[in-house]
Amino acid sequence: MTPDFRSLYTHGFIRAAVCTPRLKVADPLYNVGETLSMAQQASDMKATVALFPELGISAYSNDDLFHQDALLDATLAAIGRLLEESRRLFPVIIVGAPLRLENRLFNCGIVLYRGQILGIVPKSYIPSYREFYEKRQFSAARAAIGQTLNILDQTVPFGNDLLFEATNIAHFIFHAEICEDAWTPIPPSAYAALSGATVLFNLSASNITIGKADFRRNLCAMRSTTFLAAYVYSGAGRGESTTDLAWDGHSLIYENGVCLAESDRFSKDPQIIVSDIDLVCMAQERMRMTSFNDSVSDHMDQVRRMRRVEFAFRIPDGPVPLVRPVERFPFVPATPEELDTRCFEACHIQVQGLVKRLESSGIRKVVVGVSGGLDSTQALMVAVRAMDQLNLPRTHILGFTMPGFATSDTTLENARGLMGALGITVGEIDIRPTSLKILQNIGHPCAKGEKTYDVTFENVQAGDRTAHLFRLANAHNALVLGTGDLSELALGWCTYGVGDHMSHYNVNASVPKTLIQHLICWTIRTGQCDGRTSAILQSIVDTEISPELIPGDDPDQKAPSQRTEAVIGPYALQDFNLYYITRFGFRPSRVAFLALSAWGDKAKGIWPPSIPAEKRESYDLATIKKWLSLFLYRFFEISQFKRSCAPNGPKVGSGGSLSPRGDWRAPSDAVAAPWLDELSAHVPDE
């Protein structure tokens with residue numbers, strides 16, 4: 001079967017469903033009917049695994065009724081029905097039930113798949129404190145003598161050391177534990193994760209008390225983060241006995257600390273939460289996290305004792321699109337609260353970096369080239385905050401705007417207005433005479449009046465500006481503040497050496513273009529400037545991104561004539577590519593699938609709140625493939641030499657930096673062929 005590009009199963013995802021049925025206490029026949037109904041719903045959703053609550057076949061709150069043969073016999077019969085019905089259902093089904101073994105009763109998670117019991121997992125830690133008295137009925141996993149259980153004419157692996165591995169889905173290894181197990185200092189899932197389990201399931205009942213829901217969230221977040229795994233948690237809901245307890249049906253799906261899905265609490269109806277789990281991402285994280293693998297070595301005895309249960313999963317034909325929303329802007333949070341927090345942190349990291357550099361160097365002035373564009377604006381705002389923090393006058397910032405052959409009226413007015421509004425020292429140098437002299441010296445056709453607007457013509461201007469800035473810094477005992485951003489460095493969209501590539505210190509070095517736009521919007525939105533300054537900042541955000549190096553046909557040059565994104569692609573897409581290629585090392589085909597899931601016309605991708613509806617674009621697969629191909633070529637093959645000698649600058653986001661002294665160390669002589677070939681072979685043109 002040829003993998004379908006539009007199927008999540010082609011790209012290393014699986015779909016988890018957590019089901020909270022309505023139960024009746026001590027009525028396995030009713031409960032298995034409800035379980036089957038919800039398992040069918042999960043099957044219709046093409047879920048890989050459907051998880052149910054602890055002891056859900058019998059109900060959790062039976063107390064001493066668990067010692068009644070009639071209830072245990074009825075439970076076993078119900079499991080038999082579920083086992084038979086599972087043959088026609090798509091997902092692996094994990095249910096909870098009491099089972100007898102060796103004259104003991106165990107609280108078990110039963111893993112079923114298409115008519116086979118893959119394994120049975122007994123609860124490891126039996127609580128007997130506060131409202132819990134489970135030791136009165138149940139034995140712990142450690143009490144079992146044997147490692148198998150004969151049940152319903154099958155001999156089944158039994159124990160808390162079972163890893164269930166799909167032989168035909170890379171990295172799909174899962175483990176199950178039960179309720180209290182997760183609340184212990186070293187849960188069974190710890191050793192499971194160290195042994196390779198990427199998805200950890202918890203069958204829980206978990207009565208509700210005030211504040212407990214937050215504790216569950218924190219617990220699942222921490223387990224998933226510490227174990228670099230997905231943690232999928234079920235909770236019992238309506239139908240459990242309320243003799244002394246209440247139940248809120250709280251279910252959660254976390255992946256590496258991030259909540260992917262959460263149920264409504266206290267729902268009167270049965271409910272299912274579903275999300276797609278990224279197996280490849282977790283495998284990549286584990287490969288990078290050396291401390292995780294050191295922990296594996298430190299606990300090798302326990303790791304080697306884990307048993308693997310292999311099975312072949314039937315992958316569905318055709319497209320199976322993600323239900324998990326993908327953020328269109330991975331560097332930019334989608335909620336207003338997170339966005340404000342992220343912008344606050346990013347800005348203050350930049351400021352702290354510059355403050356320290358000024359303190360350690362003993363230099364008290366900075367020189368900034370102010371173009372009226374996004375990057376120089378953010379660098380200037382950082383310089384202003386740094387001077388304010390150091391209690392130095394803003395006049396110690398020497399701002400120079402340097403109009404060239406293609407500078408538009410809009411950007412020039414914005415540059416002049418912003419410098420004046422911020423109260424810095426304002427300078428202006430027309431670089432056209434000196435640039436023309438350089439063009440004459442090298443015999444360029446433009447020096448003779450010909451319109452040969454090639455890369456030399458562009459870079460003469462960029463180099464001339466930077467040469468002026470460094471000599472101005474010499475003259476004023478100042479530092480040249482860099483303005484180039486992470487996106488430009490990734491694409492090589494900067495003039496090497498004495499161009500905008502170089503500075504004494506670059507505060508924007510690890511800030512992508514999409515985040516810079518939001519940092520400026522955050523400055524406006526949070527009222528950090530007066531009305532005049534905010535109006536200029538908004539004008540800068542609204543202006544077309546352009547290098548302004550080649551004149552257009554309009555003799556008045558009111559607006560920029562060049563469009564950067566027409567040459568190197570939309571920054572929204574290229575920042576998306578940058579994040580997933582450098583942060584996770586994903587295959588290009590996988591990045592394209594994620595981009596289509598985020599940016600396609602029917603995508604459920606998340607928009608940051610600051611992007612108005614009229615600016616919310618979509619991209620088809622052909623467009624995504626085109627710009628990803630360009631990104632791969634520019635990033636891997638032609639731009640690394642610029643990154644190998646990038647100026648100092650602080651790392652800002654967890655998305656990484658491209659500093660050769662930090663997150664990214666790569667040869668300048670690599671070729672992009674493996675990435676381009678993979679993209680061509682596995683991504684259709686439309």
Does any part of the side chain of [Y], heavy atoms only, come nearer than 4.5 Å to the side chain of [X], both counted from C-beta?
X	Y	answer
Pro547	Thr564	yes
His504	Val366	no
Tyr580	Val326	yes
Cys281	Phe586	yes
Ser597	Arg324	no
Ser361	Tyr505	no
His444	Asp454	yes
Thr434	His468	yes

*Under 30°, 30 to 60°, or over 60°: which ring-plane class applies to Phe457 and Tyr453, parallel, tilted or perpendicular?*
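Aromatic pair Phe457/Tyr453 classed tilted.
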*Taking the six-membered ring for Trp, are Trp522 and Phe344 parallel (under 30°), tilted (30 to 60°) or perpendicular (over 60°)?*
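Perpendicular, since the angle between the ring planes exceeds 60°.
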_Enumerate the salt bridge (Lys or Arg N to Asp or Glu O under 4.0 Å) contacts for residues 428-446, please, sequence neighbours excluded, ordered by first and then second residue._
Arg416-Glu428, Asp430-Arg432
*Return yes when atom CE of Met222 has more than 12 non-hydrogen atoms of other residues, nucleotides or ligands closer than 6.0 Å, and no otherwise.*
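No - once you tally the heavy atoms of other residues, nucleotides and ligands closer than 6.0 Å, there are 12 at most.
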*Does a sphere of radius 6.0 Å around CD in Gln352 hold more than 12 heavy atoms from other residues, nucleotides or ligands, not counting ones at 6.0 Å or beyond?*
no
*Could you check Phe400 against Met419 for side chain to side chain contact (heavy atoms under 4.5 Å, CB included), going step by step and ending with a plain yes or no?*
CA-CA 9 Å; Phe400 289 88; Met419 291 189 291; over 6 Å; no
[X] pairs by side-chain contact (heavy atoms from CB on, under 4.5 Å) with which of [options]?
X	options	answer
Ser408	Pro560, Pro403, Ser561	Pro560
Leu422	Ile397, Thr533, Ile536	Thr533
Val351	Met381, Lys356, Gln389	Gln389

Nearest 0.5 Å please: distance from the [atom1] atom of [X] over to the [atom2] atom of [Y].
X	Y	atom1	atom2	result
Ile581	Phe576	CD1	CZ	10.5 Å
Gln517	Ile540	CD	CD1	12.5 Å
Ser510	Lys651	OG	NZ	8.0 Å
Asp575	Leu486	CG	CG	7.5 Å
Ser618	Leu596	OG	CG	10.0 Å
Glu458	Ile550	CD	CD1	4.0 Å

Could you tell me whether the side chain of [X] and the main chain of [Y] form a donor-acceptor pair under 3.5 Å?
X	Y	value
Glu255	Leu260	no
Thr466	Gly499	yes
Ser224	Tyr231	no
Glu565	Ile545	no

*Tell me, with the steps shown, if Glu488 and Asp375 meet side chain to side chain contact (heavy atoms under 4.5 Å, CB included).*
CA-CA 10 Å; Glu488 293 178 343; Asp375 295 341; 3.1 Å; yes
For a quick test of reading the model, state the closest non-hydrogen atom pair linking [X] to [Y] and the distance between them.
X	Y	answer
Cys343	His518	SG-O, 3.8 Å
Ser487	Leu578	CA-CD2, 4.5 Å
Leu374	Val541	CD2-CA, 4.0 Å
Ala673	Glu637	N-OE1, 4.4 Å
Ala386	Leu354	CB-CD2, 3.8 Å
Ile516	Gln378	CG2-CB, 4.1 Å

Any donor-acceptor N or O pair under 3.5 Å, side chains [X], [Y]:
X	Y	answer
Gln574	Asn577	yes
Thr411	Glu548	yes
Thr410	Thr543	no
Gln528	Thr526	yes
Arg288	Gln284	yes

*Determine, for Arg583 against Asp663, whether the closest basic-nitrogen to carboxylate-oxygen distance falls under 4.0 angstrom.*
no
_Restricting to ring pair (Phe, Tyr, Trp, His ring centres under 6.0 Å), what partner residues turn up for Phe635, sequence neighbours left out?_
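So Phe635 forms a ring pair (Phe, Tyr, Trp, His ring centres under 6.0 Å) with Phe631, Trp664.
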Ring centroids only, cut at 6.0 angstrom: are [X] and [Y] within range, meaning strictly under it?
X	Y	answer
Tyr496	Phe641	yes
Phe329	Trp599	yes
Phe292	Phe227	no

_Working for salt bridge (Lys or Arg N to Asp or Glu O under 4.0 Å), residues Arg385 and Asp388_ = CA-CA 5 Å; Arg385 294 180 176 104; Asp388 291 349; over 6 Å; no
_salt bridge (Lys or Arg N to Asp or Glu O under 4.0 Å) involving Glu678 - partner list, sequence neighbours excluded_ =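 With sequence neighbours excluded, Glu678 shows a salt bridge (Lys or Arg N to Asp or Glu O under 4.0 Å) to no residue whatsoever.
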*Would His171 and Met282 count as a side chain to side chain contact (heavy atoms under 4.5 Å, CB included) if you check the C-alpha gap in whole Å, the side-chain angles of each, and the deciding distance to 0.1 Å?*
CA-CA 9 Å; His171 315 301; Met282 288 177 289; over 6 Å; no
*asked:* For Tyr633 and Trp675: C-alpha separation, side-chain torsions, deciding distance, then whether side chain to side chain contact (heavy atoms under 4.5 Å, CB included) applies.
replied: CA-CA 8 Å; Tyr633 172 67; Trp675 291 269; over 6 Å; no
_Does Ser291 form a side chain to side chain donor-acceptor pair (under 3.5 Å) with Asp294? I'd like the steps, not just the answer._
CA-CA 5 Å; Ser291 53; Asp294 287 343; over 6 Å; no
